[in-house]
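Reviewing the structure listed below.
Since the structure is predicted, the reported quantities are computational estimates derived from the model, not experimental observations. Worth knowing before you read on, the calculation uses all heavy atoms, side chains too, and leaves out hydrogens, waters and symmetry mates. In listed order, ligands and their atoms are each counted from 1.
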Amino acid sequence: MAIKPKKASENKEKAKARTTFQSPKGMRDILPREQAWWQRVMKTSKEIAEFYNFLRIETPIMEDVALFERSLGLDSDVVSKEMFYVRAGGKDRYVLRPEGTAPIARAYIENGLHHISQPVKLYYEGSMFRHEKPQAGRLREFHQLGFEIMGGQNDPIYDAQIILATHRLLEGLKFKNLQLQVNSIGCRVCRPHFRKKLLDYYRKHERALCEDCKKRLKTNPLRLLDCKEASCVALKEHAPSLMDSLCTSCSSHFKSVLEYLDELALSYTLNPYLVRGLDYYSKTVFEIFVDGFDLALAGGGRYDYLFEMIGGRPTPGVGAALGVERIIEVMKQKEIDVPQPKKPRVFVVYIGDLAKRKALKIVEELRVNNIAVKESFGKDLLKKQMQLADKGEAEYALILGQKEVFEESVIIRDLKSGNQESVPVLKMVQELKKRL
Ligand code: HAM
């Protein structure tokens with residue numbers, strides 16, 4: 001069931017009673033101590049995107065609800081259970097985006113991107129929102145990095161290139177033992193035949209299906225294949241295979257994708273049960289896993305009908321998205337190191353009010369000269385400041401006392417050896433640069 005806003009009066013009463021606040025369930029603050037991981041992931045994704053000539057795109061965080069209803073499908077879990085409606089001006093036509101592909105296809109159509117050289121290769125990163133049951137690796141606000149190739153020919157080399165960029169990004173983050181699973185879910189020609197075969201099979205076994213799958217039988221039979229309930233998993237073993245039902249065009253497209261992957265020496269597993277949960281997919285679908293982590297780090301596929309579903313002209317497309325929180329969780333589990341931010345090598349220490357004022361100016365002079373510096377303004381005690389300089393692993397302290405202020409000088413102290421020298425403020429930058 002979709003999540004609809006409560007009445008305003010109910011909310012007002014609750015707001016009055018509140019004394020403490022927490023981030024919304026399933027949504028997290030990304031604190032300074034997390035930033036090194038985030039920056040590492042963002043830096044690598046930018047390098048990969050630029051290398052493979054993807055151009056960055058950003059779209060709004062909300063979209064018209066109909067965009068997702070039409071493209072992901074009314075019966076998809078995302079649309080039927082997980083949308084966050086935004087109430088504004090008495091209407092709730094907008095939802096927080098649950099994924100990035102449909103919005104980018106909308107932007108492609110709306111901005112006439114078919115007029116530029118095709119295909120258009122785009123990459124993006126940003127928050128997505130799904131009202132799921134929060135648990136490890138499953139959040140309500142999560143971040144995706146994505147690659148999309150839109151327009152041009154329906155060429156299997158683009159499927160391979162998307163898989164390659166996604167794989168290389170994870171490799172660039174030092175992930176080992178990646179498992180790439182691939183499948184083809186056919187097209188408008190062959191999928192209806194497969195759907196019929198699947199229905200014939202499952203109708204015979206309806207009683208053994210879980211409650212959700214009984215519903216899926218009516219709404220989205222393909223999804224029966226990715227149910228994780230034991231009774232449904234057992235039934236799946238003998239279910240008809242998609243692979244046997246592909247038409248000539250889908251089969252040859254898929255064969256070419258696999259040949260490109262072979263050429264690239266990217267190992268993969270054929271998973272005939274991989275169907276993905278969104279209506280816009282056709283032909284190639286894939287997911288990437290890593291050893292010891294059950295959830296997919298990345299997923300994607302081809303979506304040649306998406307543009308028509310949302311009012312555009314027929315346009316081929318293929319893409320993938322990676323989950324940043326999942327990636328970071330695994331990096332931590334596997335103790336993949338990330339470079340910590342460099343600490344400033346110079347620490348400014350002051351004694352007394354007058355020196356405090358001058359110290360403020362000295363920090364500015366160092367900024368102009370590109371010398372990273374730390375201070376602890378507000379902690380006036382000399383001992384405290386010196387302790388902080390040591391803790392921050394600075395190599396040099398710039399010390400300003402009353403005497404230095406009057407003489408327009410500053411003491412440069414080597415914090416390791418304890419040697420120090422008084423130098424005129426005018427020569428401070430030059431002297432520091434000699435030492436750094
Ligand atoms: P998706 O498989 O729904 O595909 O999501 C892609 C990735 O986002 C997943 O593999 C996972 O890492 C991450 N993810 C999804 N849901 C959550 C969650 N609740 N919490 C944390 N991480 C999550 C798509 O969204 C498609 N738009 C991908 C695509 C791009 N297909 C073609 N182009």
_With a cutoff of 4.0 Å, is Ala320 in contact with ligand 1, counting heavy atoms of the residue only?_
yes
For [atom], closest protein heavy-atom neighbour:
{"atom": "atom 13 (C) of ligand 1", "value": "Gly323 CA, 3.6 Å"}
{"atom": "atom 4 (O) of ligand 1", "value": "Arg276 NH2, 2.9 Å"}
{"atom": "atom 30 (C) of ligand 1", "value": "Thr101 OG1, 3.0 Å"}
{"atom": "atom 18 (C) of ligand 1", "value": "Phe142 CD2, 3.4 Å"}
{"atom": "atom 31 (N) of ligand 1", "value": "Tyr281 OH, 2.6 Å"}

*For Glu99, take its heavy atoms, then give the atoms of ligand 1 lying under 4.0 Å from any of them.*
25 (O), 26 (C), 27 (N)
Could you tell me whether [X] and [Y] make a salt bridge, using a distance below 4.0 angstrom between a side-chain N and a carboxylate O?
{"X": "Glu47", "Y": "Lys43", "answer": "yes"}
{"X": "Glu206", "Y": "Arg203", "answer": "no"}
{"X": "Glu365", "Y": "Lys361", "answer": "no"}
{"X": "Arg130", "Y": "Glu99", "answer": "no"}

*Ile336 to Lys174 - nearest heavy-atom pair and separation*: CD1-O, 3.6 Å
*Backbone, side chain, both or neither: what part of Phe289 comes under 4.0 angstrom of ligand 1, heavy atoms only?*
neither
*Has ligand 1 got any nitrogen or oxygen that is less than 3.5 angstrom from a nitrogen or oxygen of Leu139?*
yes
